[in-house]
There are 2 protein chains.
Amino acid sequence: MCMNDSGHKTISINDLLKKNGQKITPARLSILNIFIKNKIPLCALDIYKELLKDKKINNINEVTVYRNLSSLEKSGIIKIVNLRRDAVYFEMNNDHHHHIVCTNCGLIEDFKENKNIEKLLEQIAEKSTKFKNIKEHSLELFGTCKVCS
Amino acid sequence: MCMNDSGHKTISINDLLKKNGQKITPARLSILNIFIKNKIPLCALDIYKELLKDKKINNINEVTVYRNLSSLEKSGIIKIVNLRRDAVYFEMNNDHHHHIVCTNCGLIEDFKENKNIEKLLEQIAEKSTKFKNIKEHSLELFGTCKVCS
DNA sequence: TTGAATGCAAATCGTTTGCATCTCA
DNA sequence: TGAGATGCAAACGATTTGCATTCAA
């Protein structure tokens with residue numbers, strides 16, 4: 001058990017993996033550490049480059065990165081973020097928030113979702129005639145940042 | 001000028017292309033007709049298969065489909081839809097709505113966005129410290145439909 | 001007439017798969 | 001010990017590019 005920046009209790013990476021039914025392997029630990037250190041969405045290549053940079057880490061194959069991203073996503077530890085880029089981006093699935101994305105330079109600003117929006121989305125989900133379980137949503141804003149405008 | 005299903009005035013495809021600075025070519029007309037006929041998001045391969053089926057249409061190369069989807073999207077006639085699938089999906093950009101997507105069978109249900117949500121999103125945009133122009137947003141719900149649940 | 005659109009072949013990019021080997025639990 | 005994880009090479013699917021030719025305006 002340790003503390004994060006804001007002083008909240010957080011579980012260790014080991015426990016996080018165990019809790020979600022994932023074996024603890026060096027690759028998995030390294031990848032999760034990169035997500036925790038870099039607080040922005042990352043794609044497979046981003047992760048792979050970070051792994052190469054860190055000389056304390058034995059080289060991890062790019063394919064292993066893809067496989068781990070897949071298993072971490074399926075187990076719910078990380079989630080996919082829609083940034084309208086060519087590659088698939090992921091981030092930790094521990095803090096519900098959304099993004100404003102600059103379509104010119106790629107800058108990302110986070111925003112916390114308003115509780116009112118969540119309620120409205122729930123209402124929409126209830127009204128649906130064809131769906132029973134609506135579990136997730138994507139909500140991202142796109143535009144140009146102050147520098148690019 | 002012609003009428004659509006709901007009796008609203010709609011401009012012809014020719015005018016739509018002209019208005020958005022696109023040359024009128026057989027490929028472009030055929031592709032737009034497919035979007036208008038099928039009222040669901042379509043990817044390049046979907047379009048290409050539809051073109052092959054229709055024997056009134058001279059075969060159009062798959063690459064031409066990609067190039068046209070790109071130019072139609074850049075000119076604002078069609079827009080990209082985030083369905084969390086591998087290929088890029090597009091639909092006509094004339095009727096602002098969002099989607100509920102079944103992550104199991106791919107079923108898509110449309111929903112009109114609540115005006116309250118739009119207001120809340122505008123507030124979020126105004127609060128942003130790093131962005132000046134926020135023009136678009138993605139908002140899709142994901143879950144399982146009644147059949148798959 | 002001219003810049004844009006097309007077709008074809010080939011290349012590219014992100015991602016996945018098969019298979020032998022290794023490792024965590 | 002056995003299921004899952006890894007590395008390597010190869011395959012794959014979606015999309016893009018180069019280039020010569022054709023076409024819309």
Side-chain angles (χ1 to χ4, degrees), chain A residues 12-34 41-52 54 57-90 106, chain B residues 12-34 41-52 57-75 77-90 106:
Chain A
S12 71
I13 300 184
N14 280 32
D15 290 346
L16 182 66
L17 285 167
K18 276 186 208 160
K19 192 177 67 132
N20 289 279
Q22 299 289 301
K23 275 192 186 168
I24 294 160
T25 70
R28 230 157 249 173
L29 291 171
S30 302
I31 291 172
L32 281 182
N33 271 314
I34 288 170
L42 300 169
C43 68
L45 188 58
D46 293 334
I47 301 274
Y48 183 60
K49 282 183 188 163
E50 285 291 313
L51 291 170
L52 287 182
D54 189 339
I57 299 172
N58 288 330
N59 276 5
I60 292 168
N61 195 279
E62 205 176 350
V63 172
T64 302
V65 175
Y66 279 101
R67 283 199 264 232
N68 274 313
L69 289 174
S70 172
S71 61
L72 290 170
E73 196 268 330
K74 281 193 187 106
S75 69
I77 298 175
I78 62 173
K79 67 180 172 210
I80 294 175
V81 183
N82 168 35
L83 298 183
R84 295 198 181 164
R85 297 195 196 148
D86 286 340
V88 180
Y89 283 75
F90 302 84
Chain B
S12 71
I13 300 184
N14 280 31
D15 290 345
L16 183 64
L17 285 168
K18 275 185 209 160
K19 193 176 66 131
N20 290 278
Q22 298 289 302
K23 275 190 185 172
I24 294 160
T25 70
R28 231 157 249 173
L29 291 171
S30 302
I31 291 171
L32 282 182
N33 272 313
I34 289 169
L42 300 168
C43 69
L45 188 57
D46 294 335
I47 301 274
Y48 183 61
K49 283 182 187 161
E50 284 292 312
L51 291 170
L52 286 181
I57 298 172
N58 289 329
N59 276 3
I60 291 168
N61 195 279
E62 205 177 349
V63 172
T64 302
V65 175
Y66 279 101
R67 283 200 264 232
N68 275 314
L69 289 174
S70 171
S71 61
L72 291 170
E73 195 266 332
K74 282 194 188 107
S75 69
I77 297 175
I78 62 174
K79 67 180 170 207
I80 294 175
V81 184
N82 168 34
L83 298 183
R84 294 195 181 169
R85 296 195 197 148
D86 285 340
V88 180
Y89 283 75
F90 301 85

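Here is the naming used below: chain letters follow the sequence lines, and residue numbers restart at 1 for every chain. Bear in mind that the values here come from a model prediction, so they are computed numbers and not experimental data. The analysis underlying the following values was restricted to heavy atoms, covering all of them including side chains, and did not include hydrogens, waters or symmetry mates.
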Worksheet item: Within the structure, does a side-chain N or O atom of B:Asn61 lie under 4.0 Å from either OP1 or OP2 of C:dT6?
Response: no
Practice prompt. Please state how far atom CZ in A:Arg28 lies from atom C1' in C:dC24, giving the value in whole angstrom units.
Written response: 10 Å
Practice prompt. Under the side chain to side chain contact (heavy atoms under 4.5 Å, CB included) rule, collect the residues that match up with A:Lys49, sequence neighbours excluded.
Written response: A:Leu45
Worksheet item: Per the end-axis method with five pairs at each terminus, what is the bend angle of the helix from C:dT1-D:dA25 to C:dA25-D:dT1, to 10°?
Response: 50°
Discussion item. Using whole Å, what does the distance between atom P of nucleotide D:dA25 and atom CG of B:Asp15 come to?
Written reply: 12 Å
Discussion item. How many whole angstroms separate atom NZ of A:Lys19 from atom P of C:dA25?
Written reply: 17 Å
Practice prompt. Could you tell me the separation between the NZ atom of B:Lys18 and the OG atom of B:Ser12, rounded to the nearest 0.5 Å?
Written response: 7.0 Å
Item to complete: Would you check, one step at a time, whether the test side-chain contact (heavy atoms from CB on, under 4.5 Å) holds for B:Leu17 with B:Leu32?
Response: CA-CA 10 Å; B:Leu17 285 168; B:Leu32 282 182; 3.8 Å; yes
Worksheet item: Between C:dA5 and B:Thr64, is there an OP1 or OP2 to side-chain N/O distance shorter than 4.0 Å?
Response: no
Response to the item:
Output for pair (B:Leu52 CG, B:Ile47 CD1), nearest 0.5 Å, gives 12.0 Å
Worksheet entry | Between CG on residue B:Asn59 and OH on residue B:Tyr48, distance to nearest 0.5 Å | 6.0 Å
Worksheet item: Are the side chain of B:Asn20 and the backbone N or O of B:Gln22 linked by a donor-acceptor pair below 3.5 Å?
Response: no
Worksheet item: Over how many whole Å does the gap from B:Leu69 atom CG to D:dA14 atom C1' extend?
Response: 12 Å
Discussion item. Within the 4.0 Å heavy-atom criterion, would you say A:Asn58 contacts the bases, only the backbone, or no part of the nucleic acid?
Written reply: nothing
Response to the item:
When rounded to whole Å, the CG to P distance for the pair A:Asp46 and C:dG14 reads 10 Å
Discussion item. Could you check whether any side-chain N or O of A:Arg85 sits under 3.5 Å from a backbone N or O of A:Cys43, counting only pairs where one atom can act as donor and the other as acceptor?
Written reply: no
Practice prompt. Please identify each residue that fulfils side chain to side chain contact (heavy atoms under 4.5 Å, CB included) with A:Lys23, with sequence neighbours left out.
Written response: A:Thr25, A:Arg28
Discussion item. Would you compute the distance between atom CG of A:Asp54 and atom CG of A:Asn33 and round it to the nearest 0.5 angstrom?
Written reply: 9.5 Å
Worksheet item: When you check every protein heavy atom under 4.0 Å of nucleotides 15-22 of chain D, what one-letter string (B, S, -) results, 5' to 3'?
Response: BBBB----
Worksheet item: Roughly, in whole Å, what's the span from CD1 in B:Ile60 to P in C:dG7?
Response: 7 Å
Fill in: Spatial distance of atom CG (B:Leu72) from atom CD1 (B:Ile78) [nearest 0.5 Å]
5.0 Å
Practice prompt. Find the distance B:Asn68:CG to C:dA4:C1' and express it as a whole number of Å.
Written response: 11 Å
Item to complete: Quick one: list whatever passes side chain to side chain contact (heavy atoms under 4.5 Å, CB included) with B:Tyr66, sequence neighbours left out.
Response: B:Ala44, B:Glu62
Item to complete: Nearest whole angstrom, please: distance from the C1' of C:dT6 to the CD1 of B:Ile31.
Response: 11 Å
Practice prompt. Check each residue of residues 20-27 of chain A for a non-hydrogen atom within less than 4.0 Å of any atom in DNA chain D, then write out the ones that pass by number, or none.
Written response: A:Lys23, A:Thr25, A:Ala27
